[in-house]
Q: 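Here it is, the structure in full.
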Amino acid sequence: MGSPEQPDAPAPGACWGAEPPPQEGSMAVVLRVRPPNPRERAAPSVLHVLNQRAVLFASEEPGGTGTGPGRRRRNLEFEFDHVFGERATQEEVFQHTTLPLLDTLLAGYNCSVFAYGASGVGKTHTMMGSKSTPGIVHLATVELYKRLEAMKDRSCEVLVSYQQVYKERVYDLLKPQGPLNIWEQPGKGVVAQGLSLHQPTTPEQLLGLLAKGNKNRAQRSTKANAASSRSHAIFQIQVKHWDLTGGDPHVAKLSFIDLAGSERAWDTPGRGEGMWEGTSINRSLLAFKSVVRALAGAKGGQCHVPFRDSKLTLLLKDSLVGSFRSTVIAAVSPAAPAGPDTYSTLRFASRARHILLPVSTGRAPAARERLPAGTEESPGLEESPETEESPGTEESPGLEESPGLEESPGLEEAALPCCLEEPSEAAPAPGMQLSCAGEDLGWGQWGLAPLLCLDGGWRSPRWAGDRERACPQCHRAGGARRGSGLAVQSDPSSAAPRAGAGSSPGLRGELSSARMRGGCPSPRSPKQQL
Ligand SMILES: Nc1ncnc2c1ncn2[C@@H]1O[C@H](COP(=O)(O)OP(=O)(O)OP(=O)(O)O)[C@@H](O)[C@H]1O
């Protein structure tokens with residue numbers, strides 16, 4: 001860490017003084033092909049690495065022409081920002097995916113690395129690795145501390161959090177406790193209430209926390225993977241550094257997101273818990289894909305991004321639209337039996353390459369500015385059904401989306417009360433108290449906080465029972481059903497630790513969205529609760 005006695009010029013690689021990056025962020029998508037495992041070795045390969053940027057997916061699938069059984073050959077080429085073949089080392093993957101992000105992080109811009117792919121294709125291997133072959137989180141940690149040490153004239157602080165989304169619930173991996181409520185706070189982004197933050201001062205301490213969290217992560221043996229991660233894990237390193245002689249601190253976070261892998265029903269262990277886990281994983285991944293699809297399509301015009309379809313996507317909102325640079329590492333198996341999964345991942349990954357990210361820094365611009373132009377985050381709008389077409393690729397009959405990842409009719413677009421982000425796991429009971437600071441919402445000017453939100457209108461508790469007011473945002477008059485109100489009180493979570501410096505469209509954004517739609521949506525049904 002920086003020491004006050006040595007006010008040297010910034011060391012090479014310490015880029016805090018670098019020019020700010022251009023106005024638009026970027027999403028890099030790389031592909032990692034893992035070597036075939038012992039079960040796959042006898043099977044032919046369907047994936048051929050053409051060069052450092054392209055692969056050929058060549059498969060023979062049943063179907064074809066005529067009425068009789070036939071085989072149909074497909075040759076599809078996919079391009080990525082980088083392709084890592086079966087022999088690529090962890091160090092190579094780190095050099096091309098995560099190392100470049102460290103400069104950006106230290107310049108005060110949020111960055112994220114996602115690992116995506118079916119079960120057993122090497123996501124956790126890439127992220128975490130093993131003792132003999134450490135993954136990118138380990139390698140990034142070592143490099144980050146080296147750079148912080150080199151900043152002689154700056155003081156630094158590192159904060160770490162580790163959480164998992166397991167069966168649509170958020171858990172702290174570093175402080176085992178019950179599920180956490182998640183919140184979207186204006187200027188603060190999406191936070192898990194009560195998530196523990198840790199302040200490691202050495203790389204060893206940080207890696208110790210990582211190992212501790214990994215031990216607590218949900219795991220199970222499946223047909224596809226003897227040690228399959230059954231949750232989505234989000235490991236965040238927040239770095240703050242400031243000039244000892246004064247000046248604004250640079251604050252940004254680097255998020256590592258190891259998504260659980262999609263899987264077929266017959267790969268899931270048993271019928272009970274394992275099946276439920278698998279369904280939950282597939283469902284949240286489906287929501288994630290919908291978000292990516294919407295973000296990728298947002299360039300051209302208005303687009304609704306369904307972040308609220310799952311807890312996973314809501315939590316990842318900051319990492320997706322709040323990051324200046326993101327890298328998706330799509331992992332695949334080359335073997336024929338994994339063909340449908342591989343094809344599905346290739347299509348998803350090519351789509352993710354079309355996402356443009358808005359700039360986000362520790363001194364983040366206003367929440368609404370951070371969504372890509374033309375993107376509207378508007379709960380209550382329905383998703384328009386789209387086909388999962390990969391640009392430039394041919395539709396391949398017989399090769400469908402990963403089994404279990406069909407559109408789920410149970411996942412409707414969430415309709416929130418226009419003023420609230422529910423923190424509760426359960427449906428809010430009539431009159432249930434929710435934390436939501438009136439001041440943060442800008443309600444203070446009406447002198448209304450705390451407020452009582454009714455179904456379709458607002459009123460101040462001062463007038464409870466005798467007078468109703470129109471919602472100041474949607475301007476709809478009361479007409480509320482008695483007993484369906486949600487009371488709003490001061491935000492107890494404002495004292496809770498917060499991960500990350502970047503903000504995201506918060507409650508104020510919700511309010512604007514609700515207003516744009518010309519109404520105050522009804523509170524959700526229990527099924528829709530986040
Ligand atoms: N590039 C690689 N080189 C060598 N072994 C690998 C590679 N990628 C993955 N493996 C091995 O394959 C197995 C499955 O990998 P891993 O657990 O990382 O898969 P995953 O995608 O995280 O699966 P899940 O979603 O089920 O958790 C592990 O034993 C891992 O060591």
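Residue numbers count from 1 along this sequence. We count ligands from 1, going down the list as the structure has it; atoms in each ligand are counted the same way.
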Q: Between S344 and P340 (side chain of the first, backbone of the second, donor and acceptor by atom type, cut-off under 3.5 Å), is there such a pair?
A: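 Pair absent, no side-chain N/O of S344 close to backbone of P340.
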
Q: For a side-chain contact (heavy atoms from CB on, under 4.5 Å) with L316, tell me which candidate from V292, V321, I257, V291 qualifies.
A: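 Of the listed options, the one satisfying the test is I257.
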
Q: Is the side chain of Q164 donor-acceptor paired with the backbone N or O of Y171 at a distance under 3.5 Å, no angle test?
A: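 No; zero donor-acceptor contacts below 3.5 Å.
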
Q: Would you say atom 2 (C) of ligand 1 makes contact with the protein, given that contact here means a non-hydrogen protein atom less than 4.0 Å away?
A: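 Given the 4.0 Å cut-off, atom 2 (C) of ligand 1 counts as touching protein heavy atoms.
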
Q: Please indicate whether any nitrogen or oxygen in G120 is less than 3.5 Å from any nitrogen or oxygen in ligand 1.
A: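 Yes - when backbone and side-chain N and O of G120 are compared with those of ligand 1, one distance drops under 3.5 Å.
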
Q: Does any N or O in the side chain of S326 come within less than 3.5 Å of the main-chain N or O of M27, such that one atom is a donor and the other an acceptor?
A: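 No; judged by distance alone, with no hydrogens or angles, the pair does not exist.
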
Q: Check each of A260, A218, G122 against atom 19 (O) of ligand 1 and report the one with the nearest heavy atom.
A: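 The nearest heavy atom belongs to G122.
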
Q: So, is D258 polar-close to ligand 1, with some N/O to N/O distance under 3.5 Å?
A: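 Between D258 and ligand 1, no N or O pair is found under 3.5 Å apart.
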
Q: Has H241 got a side-chain atom pairing as donor or acceptor with L106's backbone, closer than 3.5 angstrom?
A: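 Side chain of H241 to backbone of L106: a pair is present.
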
Q: Between N225 (side chain only) and S119 (backbone N and O only), is there a donor and an acceptor less than 3.5 Å apart?
A: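 Side chain of N225 to backbone of S119, a donor-acceptor pair under 3.5 Å: no, none is there.
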
Q: Which atoms from ligand 1 have a heavy atom of V121 less than 4.0 Å away?
A: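 Numbered from 1, ligand 1 contributes 19 (O), 20 (P), 21 (O).
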
Q: Test of understanding: given a 4.0 Å heavy-atom threshold, classify the contact between P35 and ligand 1 as side chain, backbone, both, or neither.
A: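 The answer is the side chain.
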
Q: Taking only heavy atoms of S228 into account, list the atoms of ligand 1 that are under 4.0 Å away from them.
A: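 Atoms satisfying the 4.0 Å criterion: 24 (P), 26 (O), 27 (O).
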
Q: Which bit of E86 gets closer than 4.0 Å to ligand 1, counting heavy atoms only: side chain, backbone, both or neither?
A: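 Near ligand 1, E86 shows nothing, with every heavy atom at 4.0 Å or more.
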
Q: In terms of the angle between their ring planes, are Y343 and F78 parallel, tilted or perpendicular, with boundaries placed at 30° and 60°?
A: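 The arrangement is perpendicular - the two ring planes meet at more than 60°.
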
Q: Charged N to carboxylate O under 4.0 angstrom, E184 versus K317?
A: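 Yes, this pair counts.
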
Q: Using a 3.5 Å distance criterion without hydrogens, assess whether the side chain of K123 forms a donor-acceptor pair with backbone atoms of A118.
A: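 Answer holds: yes.
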
Q: Any nitrogen or oxygen of G261, side chain or backbone, less than 3.5 Å from one on ligand 1?
A: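 Yes, there is a polar N/O contact under 3.5 Å.
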
Q: Can you tell me which residue and heavy atom of the protein come closest to atom 7 (C) of ligand 1, and the distance to 0.1 Å?
A: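 The protein heavy atom lying closest is H125 CD2, 3.4 Å.
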
Q: Ion pair present between D309 and R283, side-chain N to carboxylate O less than 4.0 angstrom?
A: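 Result for this pair is no, no salt bridge flagged.
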
Q: Is the shortest distance from atom 11 (C) of ligand 1 to a protein heavy atom below 4.0 Å?
A: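 It does not: no protein heavy atom is found less than 4.0 Å away from atom 11 (C) of ligand 1.
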
Q: Determine, using ring centers only, whether H96 and F84 are less than 6.0 Å apart.
A: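 Between F84 and H96, the centre distance is under 6.0 Å.
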
Q: Does the protein put any heavy atom within less than 4.0 Å of atom 29 (O) of ligand 1?
A: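 False for atom 29 (O) of ligand 1.
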
Q: Record the part of N225 in heavy-atom contact with ligand 1 below 4.0 Å; permitted values are side chain, backbone, both and neither.
A: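 Answer for N225: side chain.
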
Q: Would the distance check show the side chain of K212 and the main-chain N or O of L174 forming a donor-acceptor pair, the cut-off being under 3.5 Å?
A: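 Answer holds: yes.
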
Q: What residue and atom, counting heavy atoms only, is the protein's closest point to atom 21 (O) of ligand 1, and at what distance?
A: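 Answer for atom 21 (O) of ligand 1: K123 NZ, 2.7 Å.
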
Q: When you measure from atom 27 (O) of ligand 1 to every protein heavy atom, which one gives the shortest distance, and what is it?
A: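 The protein heavy atom lying closest is S229 N, 2.7 Å.
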
Q: Give yes or no for whether the N/O distance cutoff of 3.5 Å, strictly under, is met between R34 and ligand 1.
A: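 No; the residue has no nitrogen or oxygen that sits under 3.5 Å from a nitrogen or oxygen of the ligand.
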
Q: Under 4.0 Å from a heavy atom of A118: which atoms of ligand 1 are those, numbered in the order shown and with their elements?
A: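 Taking each heavy atom of A118 in turn, ligand 1 has 21 (O) under 4.0 Å.
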
Q: Show the atoms of ligand 1 that are less than 4.0 angstrom away from any heavy atom in R32.
A: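 Atoms satisfying the 4.0 Å criterion: 1 (N).
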
Q: Give yes or no for whether the N/O distance cutoff of 3.5 Å, strictly under, is met between T126 and ligand 1.
A: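 No, T126 has no N/O under 3.5 Å of an N/O on ligand 1.
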
